[in-house]
Amino acid sequence: MSMNNRLSTSISSSSSAFLGQDRHFKIRPQNVFLPPKNPRICKCVATTPTEKTAYMTKVSRNANMAKLQAGYLFPEIARRRAAHMLKYPDAQVISLGIGDTTEPIPEVITSAMAKRSHGLSTIEGYSGYGAEQGEKLLRAAIASTFYANLGIEEDDIFVSDGAKSDISRLQVLFGSGVTMAVQDPSYPAYVDSSVIMGQTGQYQKDFGYGKIEYMKCTPENGFFPDLSTVSRTDVIFFCSPNNPTGSAATRDQLTQLVQFAKENGSIIVYDSAYALYMSDDNPKSIFEIPGGREVAIETSSFSKYAGFTGVRLGWTVVPKELKFSDGFPVAKDFNRIVCTCFNGASNIAQSGGLACLSPEGLEAMQEVIGFYKENTEIIVETFTSLGFNVYGGKNAPYVWVHFPGQSSWEVFGEILEKTHVVTTPGSGFGPGGEGFVRVSAFGHRANVLEACRRFRELYK
Ligand SMILES: Cc1ncc(COP(=O)(O)O)c(C=O)c1O
């Protein structure tokens, strides 16, 4: 049997055969069908060759857009996956790449959204534009659920349509004149939005964009940057648990970070989108660190907790204590940006968010998170047993696998070609990601098991 034929044989539904007798993972009821529902085929602006058109406007292209390397990482992966599916129309492609959730949203949450949605068809239940900052009840629930006793109040919370849009709105807040530092590797939205804003110089292969301070996070430094070698910047993007490395900073490390920001007069933008995935006893919020409210903004999301990647709901915390160099409160300017660029999160999504934070909703979210964490264990176990150095997984739904000396796009290509599994090349997250591949634990159990079977086949 050829490799491809072998790989497309049917999926075993037995996890115990794969994992050994003593492992019992929860199998949530699910129908698994391999081809992705929505293979997002898109053209990536920066990679599309200039089309010859008869007519051109007189508007010059934003030079910052021209600095961007290739497309945004995930559309680029989607493009390659689509090309692969054209090449192998019968292949059962499994996506452990983009980091999109797959498990259904718990019913306690969808029923709240359905109720709100039906209410919109009634005179009493109808509402139009809401407060740009979000509904009072939801802001209060976010404050009390995630920031109790941390000095964060309801009016410090700005509800949004997701953390990614908030990252861009924060860039608009800071403007083009600031300098920025970022963990290397990290979620690409920080760097790309910074480039678009004009905060950076040109891209240089293997170094990244000029003027960005790349804070190397490697196995050697335990994925926490050596701050003694980091130059001062105005803004420091910091994501913990980190996407893609899956590592989470300890209390001591975050205390160093807050101190570093304070000494330099910098603002930390702390991304805690995966905080609830933490198994270790690390801080779930930067505001757990004394002094955090004077130096940090925190952004987070319901996307990976409740399967809201499509529903769209997140939030950003801007504490009153955070001030610009002239003493002006950052929150007041952010409020102005939000009111100008955004008209508030969907009222249906906000009802869902409120349901997420009810006692039943919190329990249901923990169950979904627990399920993905079991997937993570399966992936970690697979690559570890194959002799790879494997990082992450324990505190985040991402497994960071080392392929020393190899190009991560090449490894991505080889895995896709030979196993029909989509991963994410580490170099897409910054120069420091070269030689790594990120494997996402977001997937139906049977698909994760099948992907791991194929990995074992490939690397045995
Ligand atoms: C670290 C990090 N922040 C933010 C986001 C985006 O979250 P949202 O779906 O709320 O826009 C992601 C999505 O993958 C992420 O990994």
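In each ligand, atom 1 is the first atom listed, and ligand 1 is the first ligand listed. Values below: every heavy atom of this structure, side chains too, minus hydrogens, waters and symmetry copies.
- Annotation for Asn149: atom CG does not count as buried by contact number, only 12 or fewer foreign heavy atoms lying within 6.0 Å.
- The distance from ligand 1 to the heavy atoms of Asn243 drops below 4.0 Å at these ligand atoms: 1 (C), 15 (C), 16 (O).
- Below 30°, between 30° and 60°, or above 60°: for Trp400 and Phe436 the angle between ring planes is below 30°, a parallel geometry.
- At under 3.5 Å, a nitrogen or oxygen of Ser301, whether backbone or side chain, sits near a nitrogen or oxygen of ligand 1.
- Within the 4.0 Å heavy-atom shell around ligand 1 one finds Cys239.
- Remark: Leu254 CG to Ser285 OG distance equals 9.5 Å, nearest 0.5 Å.
- The protein non-hydrogen atom at the shortest distance from atom 6 (C) of ligand 1 is Tyr187 OH, 3.3 Å.
- Using a 4.0 Å cut-off to heavy atoms of Tyr190, the atoms of ligand 1 that qualify are 1 (C).
- Heavy atoms from other residues, nucleotides or ligands lying under 6.0 Å from CZ of Arg336 number 12 at most.
- What sits closest to atom 7 (O) of ligand 1 on the protein, heavy atoms only, is Ala163 CB, 3.8 Å.
- For the residue pair Asn64 / Lys67, a side-chain donor-acceptor distance below 3.5 Å is found, with atom types taken as modelled.
- What sits closest to atom 1 (C) of ligand 1 on the protein, heavy atoms only, is Asp271 OD2, 3.2 Å.
- The nearest protein atom to atom 9 (O) of ligand 1, hydrogens excluded, is given as Ser303 OG, 2.6 Å; this is a heavy-atom distance.
- When only modelled atom types and interatomic distance are considered, Ser303 and Thr309 share no side-chain donor-acceptor pair under 3.5 Å.
- A cation-pi arrangement is found for Arg169 relative to Phe342, the charged atom lying closer than 6.0 Å to the ring centre and inside a 45° cone about the ring normal.
- The number of heavy atoms from other shown groups lying within 6.0 Å of CD (Gln406) is above 12.
- Residue contact annotation: Trp315 has no non-hydrogen atom under 4.0 Å from ligand 1.
- Between the side chains of Asp156 and Tyr147, no donor N or O sits under 3.5 Å from an acceptor N or O.
- Heavy-atom separations between Tyr274 and ligand 1 include at least one value shorter than 4.0 Å.
- At least one N/O-N/O distance between Arg312 and ligand 1 falls below 3.5 Å.
- Not a single heavy atom of Gly314 sits less than 4.0 Å from an atom of ligand 1.
- Residue Lys164 has at least one nitrogen or oxygen atom sitting less than 3.5 Å from a nitrogen or oxygen atom of ligand 1, judged on distance alone.
- Residue Gly162 approaches ligand 1 through these ligand atoms, each under 4.0 Å from one of its heavy atoms: 10 (O), 11 (O).
- Within the model, atoms CD of Glu288 and CG of Leu150 stand 5.5 Å from one another, a figure rounded to the nearest 0.5 Å.
- Protein heavy atom at the shortest distance from atom 14 (O) of ligand 1 is Lys304 NZ, 2.7 Å.
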